[in-house]
Amino acid sequence: MDSKKGIAILGSTGSIGTQALEVIAAYPDKFDLQVLTAHSNADLLIKQAIEFKPHAVVIGDETQYEKVKQALWEHDVITYCGQEALSQVVEFNEVHTVLTALVGYAGLKPTLAAIRAKKTIALANKETLVVAGELVTREARENGVNIYPVDSEHSAIFQCLVGEFHNKIEKIYLTASGGPFRGYTTEQLKTVTLAQALKHPNWDMGAKITIDSASMMNKGLEVIEAKWLFNLKTDQIDVIVHPQSIVHSLVQFEDGSMKAQMGLPDMKLPIQFALTYPDRYKTNFPRFNFMDYPQLTFEKADRSTFKNLDLAYRAMEMEGTAACILNAANEIAVEAFLKEKISFLDIASINEQTLNHCQCIQKPEYEDFVESDRLARLFAASLIPTMQDLSKN
Ligand code: NAD
Ligand code: MG
C-alpha cells in the first residue's frame, strides 16, 4: 500500500514553493509530489520537474508552453498551460493536499476547485481568504475539507490551538515585525525607495509580500485571513509589533491564559507542519538560542502612519466584497510601486480611494467577487497617472 501523501504545489518556483520542495525532499518516504506549477519561470519549473518527477506541471505563461513541453516529454512529465489548467490539475485522484503557494487573487479559483474536489488545503495564498473568506470557508465546511495555515502567524495560532479546539478563543494577537520602516513618520515615508522597501529585516520572501510587509498591508491581510481561519470577530483580533519575529503569534483563552508559539523565523517549519499535521517530523533546522535574543520586545502598531492596517479593519467591518476591493487595489498599487510608477505612500492612498469609491456588494457569490475584483482593478489603475502628475508638483 502506498501511504505517501500526494502533494500539488501551486507556485512551486516562488519563495514558499521552493522552501516547500526542500521540506518534501527531506522526507522522500512521506510525500509523493504530483503537481508543480509556475507562472513564467520556465527554467526553474523544468529543473524542479526533472528533479522531483511529478505527474504533471502547469506553466501559466502560454508563450513558454512549447519550451517546457519539449524539455519534459522525455521525462514522462505531462505539461499543461494557462490559468484554467490550475483548476484541473488539483483534481487529480493522486493529489491529497494542495499547497497554495501562488501569489494574489489568482489563487482563488484553483483553491475553490481543490476544495470542491475534497482536497486538503495547505494555505499560503492569504489573498484567497481575504478576497472571499466567507465563500471559501463555507465551501470547505460543506465539502468536509480542512484548511491548514502556512502563514507563520496563523500556523502559530493553529499550533497553540492543538488540543484546545473545543475551548473558546477570547482574542488573538498577531505579531508583526514592523518591516523596514518601523518607527518612521509619514514625513520620512514620503521619500523611501523601492530598494529600501524590498529589504525586509527578518524574512526573505517574494516581492509582493515584502512590499505588503513594509506598508503593513500584509498584517491587514493577515487580520482578515485570521478572521476566516479561526472564525473570529473583528474585535477579537489584535496586532502587536514584535521586531525580533521570534514569537510568531498568541492566543488568549477565556480563562485569561495566553499561549504563544515561538521559534526562529523560518518558513520551512510552518510549511512542514501544514503538510504533516497532526504529526511533527524531526528536522535539522537551526534551534533558538536565548543568548542570541536577550530581549524580546513588543510595541503598539502605528495605525495612523501605516494606514493600510486600518483600511483592512475597515474592509472587514464593511463585509461583502469590501476586502476583495481592497485586495485588488493593493495588487495594482504594489505592482505600480514595484515598477517605480508611484511612491510608497501612494499605495495606501490608492487603496483608500478605491475602497471608498467601489460599490461593496453584500452577500456575494463567486461572480460578485470576480466583478468586484475587475472593477476595483480598473479604478485603482485609473488613479495611477494622476498620482504621477501630482508627485511631479
Ligand atoms: P513569490 O512571488 O516568491 O512566488 C509566487 C509563485 O506564484 C511563483 O511560483 C509564481 O510563478 C507563481 N505565480 C505568480 N503569479 C501567478 C499567477 N497569476 N498565476 C499562477 N501562478 C502565479 O511569492 P511568495 O513569497 O512565495 O508568496 C506566495 C504566497 O504565500 C503569497 O500569497 C504570500 O502572501 C504567501 N506567504 C508567503 C510567505 C513567504 O515567506 N514568502 C510567508 C507567508 C505567506
Ligand atoms: Mg505572515
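In listed order, ligands and their atoms are each counted from 1. Note that the numbering runs from 1 along the sequence shown for the chain.
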### Message
Within the structure, is a non-hydrogen atom of Asn41 found at a distance of less than 4.0 Å from ligand 1?
### Response
no
### Query
Of Gly206, Ala124, Ser12, which has the heavy atom at the shortest distance from atom 23 (O) of ligand 1?
Gly206
### Task
Indicate, with yes or no, if the rings of Phe181 and Phe306 have centres closer together than 6.0 Å.
no
### Message
Which atom name would you report as the N, O or S atom of Asp151 nearest the Mg ion (ligand 2)?
### Response
OD1
### Query
Got an N/O contact under 3.5 Å between Ser15 and ligand 1?
yes
#### Entry: ligand 1 N/O within reach of Asp204 N/O, cut-off under 3.5 Å
no
### Query
Does any N/O atom on Glu127 come nearer than 3.5 Å to any N/O atom on ligand 1?
yes
### Query
For the residue pair Phe379 and His357, does the interplanar ring angle fall in the parallel (under 30°), tilted (30 to 60°) or perpendicular (over 60°) class?
parallel
### Query
Nearest non-hydrogen atom to atom 1 (P) of ligand 1 belongs to which of Gly14, Ser152, Ala106?
Gly14
### Task
Indicate yes or no: does an N/O atom of Thr100 lie under 3.5 Å from an N/O atom of ligand 1?
no
### Message
Does this structure show an ion pair linking Glu51 with Lys47, if we count only N-O contacts that are shorter than 4.0 Å?
### Response
no
### Message
Classify the ring geometry of His154 against Phe230: parallel below 30°, tilted from 30° to 60°, perpendicular beyond 60°.
### Response
parallel
### Query
Can we say Lys190 and Glu187 salt-bridge, meaning some charged N sits less than 4.0 Å from an Asp/Glu carboxylate O?
yes
### Residue, atom name and distance, where the atom is the protein heavy atom closest to atom 14 (C) of ligand 1
Val103 CG1, 3.6 Å
### Query
Which of the numbered atoms in ligand 1 are below 4.0 angstrom from a heavy atom of Ala101?
5 (C), 6 (C), 7 (O), 28 (C)
### Task
Please name the atom of Glu153, restricted to N, O or S, that is closest to the Mg ion (ligand 2).
OE1
### Query
Which atoms of ligand 1 have any heavy atom of Ile16 under 4.0 Å away?
26 (O), 30 (O), 37 (C), 38 (C), 39 (C), 40 (O), 41 (N), 42 (C)
#### Entry: Proximity flag Lys126 to ligand 1, non-hydrogen atoms under 4.0 Å
yes
### Task
State the atoms of ligand 1, each with its element, that fall below the 4.0 Å cut-off from a heavy-atom position in Ala38.
11 (O)
### Message
Any nitrogen or oxygen of Met267 lying under 3.5 Å from a nitrogen or oxygen in ligand 1? Just yes or no.
### Response
no
### Message
One thing to verify: whether Lys208 and Glu127 come together as a salt bridge, which I'm taking to mean a side-chain N less than 4.0 angstrom from a carboxylate O.
### Response
yes
### Query
Got an N/O contact under 3.5 Å between Gly11 and ligand 1?
yes
### Query
Is ligand 1 less than 4.0 angstrom away from at least one heavy atom of Gln19?
no
### Summary
Going by the 4.0 angstrom heavy-atom rule, the piece of Thr13 near ligand 1 is both
